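By convention in this document, chain letters (A, B, ...) are assigned in the order of the sequence lines, proteins followed by strands, and residues within each chain are numbered from 1. All values reported here derive from a predicted model rather than from experimental measurement.
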Protein chains: 2
Amino acid sequence: MKTADPELMRAINRFHVVDAIRRFGPIARVEICERTELSPTTVSAITAALIDDRLIMPIAIGGVRDETARGRPRVQLTLNPDAAYVVGVKLAPDQITVATTNFRADVLESLTVPVRLARQSAAVIADLVEDGVRRSVADAGLTMAQVAGVCVGLPGIVARDAGVCRRSPIFGERDVPFAAALAARLAVPVTLDNDVNLVTLAEHWFGRGRGLDDFLVVSVEQSLGLGIIHRGEVFRAPNGLGPDLGDLLVRTPTGADVRLGEVASGAAILAEIAARSEPERAELLTGSGRGIIVARDLAEAGDADVTAVLAQAGVALGLVVANLIALFAPPRIILVGAVVDFGPPFLGPLTRTVEAWTPGGLGDVTEIVHQRWGDDIWARGAAAMTLRNLYGSPWNTTGPVTRRPPR
Amino acid sequence: MKTADPELMRAINRFHVVDAIRRFGPIARVEICERTELSPTTVSAITAALIDDRLIMPIAIGGVRDETARGRPRVQLTLNPDAAYVVGVKLAPDQITVATTNFRADVLESLTVPVRLARQSAAVIADLVEDGVRRSVADAGLTMAQVAGVCVGLPGIVARDAGVCRRSPIFGERDVPFAAALAARLAVPVTLDNDVNLVTLAEHWFGRGRGLDDFLVVSVEQSLGLGIIHRGEVFRAPNGLGPDLGDLLVRTPTGADVRLGEVASGAAILAEIAARSEPERAELLTGSGRGIIVARDLAEAGDADVTAVLAQAGVALGLVVANLIALFAPPRIILVGAVVDFGPPFLGPLTRTVEAWTPGGLGDVTEIVHQRWGDDIWARGAAAMTLRNLYGSPWNTTGPVTRRPPR
DNA sequence: TTCTTTATTTCGTGTCACAAATTAAAGCTG
DNA sequence: CAGCTTTAATTTGTGACACGAAATAAAGAA
């Protein structure tokens with residue numbers, strides 16, 4: 001742990017203030033005092049420094065003032081949306097999504113490039129991402145010089161600290177130093193992260209995890225993922241390794257050991273439905289990037305094969321979710337991803353399995369919810385991840401407050 | 001998160017100093033500076049306050065001084081062993097272990113009461129523990145007034161913050177407020193914790209987890225448990241809930257879903273061996289508390305039934321361990337407990353299974369070791385858990401350093 | 001004895017949070 | 001509209017802290 005000195009003290013309190021403004025802004029200084037339990041003096045000093053640095057700004061009009069309001073009106077403070085810009089990138093097997101956001105994580109521009117990445121080398125993918133980022137930034141009316149950072153999310157095992165992707169369905173290769181590759185192309189700081197960590201942060205900031213300090217996110221897209229918020233922070237294994245839920249071992253009803261990803265991932269589900277279909281439908285399901293949509297139509301039409309496969313996957317995932325409850329006892333588990341969006345045919349078996357197998361004594365602990373997102377939430381999460389770092393980073397560290405001009 | 005003020009600053013740094021002395025003591029102030037990266041000024045001030053409070057003390061003789069040493073000799077500092085005394089208690093299905101330790105977590109006295117707890121009510125168990133604690137404290141030549149705290153560890157699901165045992169093989173009842181019950185009897189602060197968290201802390205302080213900031217402990221006793229050290233701290237679910245590894249779901253080779261505890265726990269293993277034995281041996285295995293010892297003799301004699309059951313349990317646990325690696329990617333997993341002590345018949349199948357199923361890309365991450373402990377390590381861990389709290393607690397909080405008399 | 005070296009303490013400075021007092025900016029009152 | 005009240009925000013003054021620089025302590029070496 002870092003040793004404590006006045007600078008750390010200031011950094012902590014400044015982070016609290018910025019965080020309060022991000023979460024509850026526009027917000028007046030008095031309210032910041034209440035939320036953070038800092039004294040008015042301290043809040044005043046910190047906000048003055050932040051305004052000096054143009055990270056936050058007072059809002060001209062006081063907003064809706066209470067009818068019966070008395071006294072000096074409150075000055076609302078808000079993040080300066082133009083304090084910085086960041087770019088989030090999400091790599092999926094069949095597409096790249098890029099989003100450019102401002103300092104408030106509002107998406108200014110997002111674009112999706114449909115491309116089957118698995119067939120390409122890491123170098124080519126880096127080229128494609130570079131093009132996407134440059135285009136998105138330009139479309140937002142910005143230049144790369146204004147971009148403070150880029151975060152890339154992708155499925156698989158990612159060593160975040162090193163910026164290396166150990167293994168991913170995206171890359172044929174192992175141990176791809178993708179962050180460095182992209183940083184070299186864009187001349188901007190790049191972080192690499194597990195994609196589910198990004199959607200998890202997005203849930204924490206904008207979604208169903210708002211206000212919660214502990215929850216899990218289980219993502220069922222083409223591949224499976226797990227994100228953990230523990231004590232208000234994204235939980236990471238040493239080296240910043242992210243867990244890959246698809247790697248968990250389960251046994252099929254016949255007693256064979258397989259990875260969960262071979263049973264309950266979007267890819268596996270589509271493959272299984274395809275295997276049970278005539279060739280024409282099979283190609284529709286696995287050939288293009290639209291397999292999930294085809295399958296959803298079939299499910300809605302009540303296709304027995306599809307229903308059976310979804311139910312089987314739901315049960316398999318349900319057992320794993322029951323295990324996650326046993327391990328983490330989270331107040332909430334948020335299910336996200338295209339497969340979750342199938343709804344009852346998948347969620348029904350899943351929740352019934354969870355209920356049946358949740359360990360005794362933990363029955364009342366965990367609530368399971370699901371959330372439907374557009375494509376760009378992942379990229380927005382990536383942007384948020386970059387901002388999360390900026391809020392507490394050195395260029396935010398104003399140095400001693402007293403250095404401000406006495407005006 | 002707590003807001004930062006000078007007092008917090010001091011508390012953090014004081015903890016670092018105490019922790020350095022605990023881990024590396026006897027240790028001189030200069031070395032504390034190096035280890036903690038605090039300035040000599042700060043270390044001097046903090047150690048002076050600690051000496052004032054009699055939590056630490058200078059050692060008279062400087063120890064082995066280097067031949068070529070020059071200059072003013074270093075003064076070694078060490079924890080004052082008599083600064084406080086704590087008691088650790090471990091509840092197992094067939095015995096209670098109590099250990100009284102000093103402020104350095106040296107065991108002064110330990111005793112084991114063989115008693116089949118499962119048959120008794122929580123009130124009776126509390127009585128028994130009270131007697132054990134009073135006896136152990138008296139044997140150590142202390143009075144209860146000198147005891148700063150008691151920590152009780154037991155298997156099952158424990159809500160540490162509330163001091164409530166949600167469910168345990170020890171108690172027939174659910175939601176037993178055992179901490180309160182014992183505190184009322186002993187008039188001393190009592191904390192309740194999952195037993196594996198205690199042995200995990202013991203590993204961190206005295207065992208194979210020393211110097212590691214991240215590792216897992218998997219315990220295979222009568223029941224199964226998991227302990228996690230994450231960033232140097234015991235990882236706890238919200239509410240201080242501890243995970244119970246025995247609750248994890250696995251499938252048997254025939255495809256049935258069962259809890260891991262029904263396959264790979266000591267209790268399950270003994271029951272299965274007994275089921276394969278003639279009545280006389282069966283009773284030996286499950287009747288008294290000595291079943292494990294009987295089984296170990298059988299295993300050493302090469303009994304085929306025993307070997308087969310152990311192998312089966314090892315494989316089941318191996319699959320779970322592979323999953324834990326997928327989730328936590330820890331640098332080390334420490335296996336402990338009576339069943340682990342069977343050695344190769346159990347560990348062989350386990351490690352082979354882990355190796356076979358560790359997710360690709362994580363093959364080089366985790367090292368699996370095992371550790372043999374005496375009975376009282378659990379109780380020593382419980383004592384350490386209490387000390388862990390004392391080191392940072394209010395009575396340690398000297399208040400402003402400057403308030404010291406100028407002498 | 002008088003250096004030299006190393007450990008520890010003292011002194012002085014700068015940062016910080018915060019309580020108390022002050023100022024600011026409104027609405028209310030007669 | 002001039003005071004009064006109320007609430008928000010800032011300024012002032014104080015105490016705690018970490019730390020660099022200088023001083024002191026306690027040894028061995030010359």
Rounded off to whole Å, could you give me the [atom1]-to-[atom2] distance for the [X] and [N] pair?
X: A:I12; N: D:dA18; atom1: CD1; atom2: P; value: 13 Å
X: B:R29; N: D:dC19; atom1: CZ; atom2: C1'; value: 17 Å
X: B:H16; N: D:dC17; atom1: NE2; atom2: C1'; value: 16 Å
X: B:E34; N: C:dT6; atom1: CD; atom2: P; value: 13 Å
X: A:R70; N: D:dT5; atom1: CZ; atom2: C1'; value: 5 Å
X: B:Q76; N: D:dA27; atom1: CD; atom2: P; value: 14 Å
X: B:R10; N: D:dG15; atom1: CZ; atom2: C1'; value: 13 Å
X: B:E7; N: D:dA18; atom1: CD; atom2: C1'; value: 16 Å

Give every residue pair that meets the salt bridge (Lys or Arg N to Asp or Glu O under 4.0 Å) criterion with at least one member in residues 99-108 of chain B, sequence neighbours excluded.
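Sorted pair list: B:R104-B:D106.
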Output every pair passing salt bridge (Lys or Arg N to Asp or Glu O under 4.0 Å) with a member in residues 21-34 of chain A, not counting sequence neighbours, ordered by first then second residue.
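Residue pairs passing salt bridge (Lys or Arg N to Asp or Glu O under 4.0 Å), neighbours aside: A:D19-A:R22, A:D19-A:R23, A:E31-A:R74.
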Minimum-distance nucleotide (side-chain atoms of [X] versus [options]):
X: B:T42; options: C:dC18, D:dA29, D:dA18; answer: D:dA18
X: A:V30; options: C:dA17, D:dA8, D:dT6; answer: D:dA8
X: B:P6; options: D:dC19, D:dG15, C:dC18; answer: D:dG15
X: A:R74; options: D:dC19, D:dA9, D:dC17; answer: D:dA9
X: B:N13; options: D:dA8, D:dA18, C:dA17; answer: D:dA18

Is there a donor on the side chain of A:T41 or the base of C:dA19 sitting less than 3.5 Å from an acceptor on the other?
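By the distance-only test, yes, there is a pair.
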Counting only distance, no hydrogens or angles, is the base of D:dA8 paired donor-acceptor with the side chain of A:R72 under 3.5 Å?
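Indeed, a donor on one side and an acceptor on the other fall under 3.5 Å apart.
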How far apart are the closest heavy atoms of B:P26 and B:Q76, and which atoms are they?
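Residues B:P26 and B:Q76, closest heavy atoms: O-NE2, 3.2 Å.
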Counting any heavy atom closer than 4.0 Å, what does A:V75 reach on the DNA or RNA strands: base, sugar-phosphate only, or nothing?
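Sugar-phosphate contact only.
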What distance do A:I21 atom CD1 and A:I56 atom CD1 have between them, rounded to the nearest 0.5 Å?
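Reported to 0.5 Å precision, the distance equals 4.0 Å.
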N/O donor-acceptor pair under 3.5 Å between A:N80 side chain and A:R54 backbone
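Yes, A:N80 side chain to A:R54 backbone: donor-acceptor pair under 3.5 Å.
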B:S39 side-chain N/O to D:dA18 phosphate OP1/OP2 under 4.0 Å
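Answer no for this pair, as no side-chain N or O of B:S39 is under 4.0 Å from OP1 or OP2.
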Take B:M9 and A:A28, find for each the nucleotide of DNA chain D with the closest heavy atom, and name the residue whose nucleotide sits nearer the 5' end.
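Counting from the 5' end, the first nearest nucleotide belongs to A:A28.
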First of A:D5 and A:T47 reached from the 5' end of DNA chain D, by closest nucleotide:
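Comparing both residues, the 5'-ward one is A:T47.
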